[in-house]
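Following: one structure in structure tokens, then a few remarks.
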Amino acid sequence: GDDISVIGGLHLDSGIITTDAYTLIINSTGAVTRTAGHVNGSLQKYIDLGPTSIEYEIGDLGTYAPVSLHFDSVTFAGNLTAKSNTPDHPFLPTSILDGSRSVNRYWSFSNAGVVFTSYDATFNFTGSDIDPGANPGLFLVERYSGTSWDPQVTGSRTSASTEALDVGGFGDFAIGETKQYPITASATAHGSISPSGTVLVDHGTDQSFTVTPDFQCFLDSLIVDGLHVDSTTSYTFRNVVSDHTIGAYFSATQYSLNVGAINGSITKNPDQSTYDYGSTVQLTAVPDEGYHFVNWTGDAGGSENPVTVNMDGDKNVTAVFAINTYTLTVNAADGSVTKTPEQPVYEHGTTVQLTATPAAHYHFTGWSGDASGTDNPLTVIMDGNKNITANFTVDTFTLTLNAANGSIAKDPDQEAYDYGSSVQLTAVPSAGYHFTGWSGDAGGSANPLTVTIDTNKTITANFEIN
């Protein structure tokens, strides 16, 4: 095999010309026309002086992938060889192009003597060349010079072509979307970061993030790629060429809640030394024994218990308690009760002395209600409302009767008699005797005799023999 030179015209009507390791050369007097078919391999063409346009009818065994060149100014004519290669360029991973979203071919140019200012190149491809999911509307062109890649100015794009503008050299050309790197941005509660979530950033570009604390909150720390950075409002990743993370950690402004109480206590729920701005705390007033809750003062008011406090600043809250007061009601019939001290109400824990005084001809028998026993006077400790009754009973007396040679009938006949009651005594002589009169605590000879009981009495009926 050897290179083949075409001096005259070459018409591609159908089929594919495969050059393998050789070159199809179209010299300065040759020309190519095409109806169908193309060159699979290296195609050399002569580049004439001046502004000029030229088409390279190249591809591979299955795909036609030509390149069109337009030179602005050629100052020294020469030969330029082009070839379309598949699949991706072996050094594509070192470029800014994403190999998973690219055209799976590249074009190679070899210059032999052409001197020029710049040229535009349009690279053509088919849908089968494009990676699934790649967007031709985002394609860029990169040129590999043998040691490094150089991005080219991108011109027009279609679904089957991409244009490079103002190209200043030759080499290998690859096409695809630029590499993108995810920057994961997150924020804790009490603030936000913008943009947030996973942000895809093009290779070599910058990406800024703004951090904004919520009202009454602040940025506690900004962590970039695991390291703390000194920033309070924003951060910019420069010349992004790898994945990154950024996390904004916010804290709410903390406020204290001081509570105070005398004769009781206050429980806080939750019980903390400080509270985030906007949090709520439930305060419950708990009185000591014998006291009751009255109201809140300070940074809370009213008498609702429990009360909810909104933490929008430092707070001082006091629970006011008052001692319980109670009534002491005393009752007495046939006597009276005196209270020492004598008051309409008594504070919790006060001691009161009750003294029961019977009416005339009555005596005290004991306490009932909220007291018991017979102590008189009685000491009462006021730990609640009380109702106490002093009980009295009328005095009772005995009536002792004596009789010899007869008997005495009592009406009524009782062992004892209430003070002031009346008893009728009838003297009944034995046979052969007659009644002569009364002695002892009665006198006279009235028979029957009515006796009023006002003390213990002993009465004798006297009889004489007939």
Side-chain angles (χ1 to χ4, degrees), residues 6 9-14 16-17 19 23-28 30-60 62-86 89 97 102-130 136-145 150-176:
V6 176
L10 172 63
H11 178 70
L12 299 174
D13 184 53
S14 64
I16 298 172
I17 300 173
T19 67
T23 301
L24 177 61
I25 301 171
I26 310 299
N27 63 23
S28 60
V32 178
T33 59
R34 177 182 181 275
T35 301
H38 58 270
V39 176
N40 172 30
S42 298
L43 175 61
Q44 177 183 298
K45 290 191 176 184
Y46 180 77
I47 309 299
D48 207 351
L49 296 172
T52 185
S53 297
I54 192 165
E55 180 92 7
Y56 282 85
E57 298 85 357
I58 55 179
D60 56 30
T63 301
Y64 181 48
V67 180
S68 298
L69 304 181
H70 174 74
F71 289 90
D72 294 329
S73 175
V74 177
T75 58
F76 198 90
N79 295 305
L80 181 65
T81 301
K83 182 181 180 182
S84 177
N85 309 278
T86 58
H89 194 284
L97 301 181
S102 67
V103 176
N104 295 317
R105 71 173 59 246
Y106 64 98
W107 293 263
S108 299
F109 291 89
S110 178
N111 184 19
V114 180
V115 179
F116 60 95
T117 54
S118 64
Y119 66 91
D120 300 336
T122 300
F123 300 91
N124 297 276
F125 41 84
T126 66
S128 62
D129 288 328
I130 301 173
L138 299 177
F139 281 170
L140 304 176
V141 180
E142 280 241 294
R143 178 170 64 91
Y144 184 69
S145 61
D150 294 313
Q152 305 300 301
V153 178
T154 303
S156 63
R157 303 182 181 101
T158 72
S159 61
S161 67
T162 300
E163 182 182 31
L165 301 176
D166 300 324
V167 182
F170 294 107
D172 298 336
F173 292 84
I175 297 172

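The figures that follow rest on heavy atoms only: side chains count, while hydrogens, waters and symmetry mates do not.
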Which atom of [X] lies closest to which atom of [Y], heavy atoms considered:
X      : Y      : answer
Val167 : Ala164 : CG2-CB, 3.8 Å
Leu49  : Ala77  : CD2-N, 3.4 Å
Ala121 : Leu69  : CB-CD2, 3.4 Å
Glu55  : Pro66  : OE2-CB, 3.4 Å
Phe76  : Gly113 : CD2-O, 3.3 Å
Ile58  : His38  : C-CD2, 4.1 Å

Does Asp60 pair with Arg105 as a salt bridge, N-O distance under 4.0 Å? yes
Measure from the side-chain N and O atoms of [X] to the backbone N and O of [Y], and report whether any donor-acceptor pair falls under 3.5 Å.
X      : Y      : result
Thr158 : Ala160 : yes
Arg143 : Asp172 : no
Gln152 : Asp150 : yes
Tyr119 : Ser53  : no

Parallel under 30°, tilted from 30 to 60°, perpendicular over 60°: which one fits the rings of Tyr56 and Phe109? perpendicular
Is the distance between the ring centroids of [X] and [Y] under 6.0 Å?
X      : Y      : value
Phe173 : Tyr106 : no
Phe123 : Phe139 : no
Tyr64  : Phe125 : no

Any non-hydrogen side-chain atom of [X] less than 4.5 Å from a side-chain atom of [Y]?
X      : Y      : answer
Leu97  : Ile175 : no
Thr19  : Val39  : yes
Phe71  : Thr52  : yes
Trp107 : Lys83  : no
Leu12  : Thr33  : no
Leu43  : Ile25  : no
Pro136 : Thr162 : no
His89  : Asn104 : no

Out of curiosity, [X] [atom1] to [Y] [atom2], how far, rounded to the nearest 0.5 Å?
X      : Y      : atom1 : atom2 : answer
Ile17  : Asn40  : CD1   : CG    : 10.5 Å
Arg34  : Ser14  : CZ    : OG    : 10.5 Å
Ile130 : Ser159 : CD1   : OG    : 7.0 Å
Thr122 : Glu163 : OG1   : CD    : 4.0 Å
Leu80  : Ile47  : CG    : CD1   : 5.0 Å

Verify side-chain contact (heavy atoms from CB on, under 4.5 Å) between Asn111 and Thr81, making sure each step is shown before the conclusion. CA-CA 7 Å; Asn111 184 19; Thr81 301; over 6 Å; no
Any side-chain donor-acceptor pair under 3.5 Å between [X] and [Y]?
X      : Y      : result
Asp120 : His70  : no
Ser108 : Asn85  : yes
Gln44  : Thr23  : no
Asp72  : Thr117 : no

Checking Thr35 against His11 for the side-chain contact (heavy atoms from CB on, under 4.5 Å) test, could you report, in this order, the C-alpha distance in whole Å, the side-chain angles of both residues, the deciding distance, and whether it holds? CA-CA 8 Å; Thr35 301; His11 178 70; 3.0 Å; yes
